[in-house]
Amino acid sequence: PKKRQPREIWQETRRKVWERDGGKCFHCETPSALNECHIDHIRSGRASGNELTNLRVLCRRCHVLRKDIRHRGMIAKALADGIIPPNWRELVWE
């Protein structure tokens, strides 16, 4: 996004998105605790914003595997942690 929200506001935004999405990953529907879920920007980068309509809950695995060049930095850690398998490229989704 163009600008990060202050921490207190972002925590409230996270909670709203998590509640709206029923505490489940948008992609695989796995339940995820508020403090463990990832909040994904549907449209990412400078052109995106923090509007609730642009945010969704993803589990860590689905967030890492989302087809978005900005997410590539998460791959190595997810591989090391065993979150994704070595053949992760076959599992990337749009």
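Note that these values count all heavy atoms, side chains included, but never hydrogens, waters or copies made by symmetry.
Judged by distance alone, with hydrogens and angles left aside, the side-chain atoms of R66 form a donor-acceptor pair with the main-chain N or O of I42 at under 3.5 Å. Judged by distance alone, the side chain of N54 and the main-chain N or O of R43 form a donor-acceptor pair under 3.5 Å. Between the side chain of R14 and the main chain of C37, a donor-acceptor pair closer than 3.5 Å is present. Side-chain atoms of W88 do not come within 3.5 Å of backbone N or O of I83 as any donor-acceptor pair. At distances below 3.5 Å, not a single donor-acceptor pair connects side-chain atoms of D40 with backbone N or O atoms of L58.
Both M74 and W93 sit in one connected hydrophobic cluster of ILVMFWY residues. Membership requires side-chain heavy atoms under 4.5 Å apart, directly or through other members. Linking Ile, Leu, Val, Met, Phe, Trp and Tyr whenever their side-chain heavy atoms come within less than 4.5 Å leaves I9 and L52 in two separate clusters.
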Start with the C-alpha gap between L65 and I84, add the side-chain angles, then the distance that decides, and say whether side-chain contact (heavy atoms from CB on, under 4.5 Å) holds.
CA-CA 8 Å; L65 292 174; I84 57 174; 3.9 Å; yes
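Taking OG1 from T30 and NZ from K24, the interatomic distance works out to 9.5 Å, rounded to the nearest 0.5 Å. Residue R61 holds its CZ atom at 5.5 Å from CG of L91, rounded to the nearest 0.5 Å. Rounding to the nearest 0.5 Å places CD1 of I39 at 11.0 Å from CG of N50. Taken from CH2 in W18 to OG1 in T13, the straight-line distance is 15.0 Å, to the nearest 0.5 Å. The distance from atom CZ of R15 to atom CG of L34, rounded to the nearest 0.5 Å, is 8.5 Å. A distance of 12.5 Å separates CG of L55 from CZ of F26, quoted to the nearest 0.5 Å.
In this structure, C59 and C25 approach most closely via the heavy-atom pair N-SG, 3.3 Å. When all heavy atoms of G45 and R70 are compared, the closest pair comes out as CA-NE, 3.4 Å.
By the 30° and 60° cut-offs, the orientation of the rings of H63 relative to H38 is perpendicular.
Residue Q11 places its CD atom among more than 12 non-hydrogen atoms of other residues, nucleotides or ligands, all under 6.0 Å distant. Counting non-hydrogen atoms of other residues, nucleotides and ligands closer than 6.0 Å to CZ of R7 gives a total of 12 or fewer.
Comment: K67 engages E94 in a salt bridge, judged by a side-chain N to carboxylate O separation of less than 4.0 angstrom.
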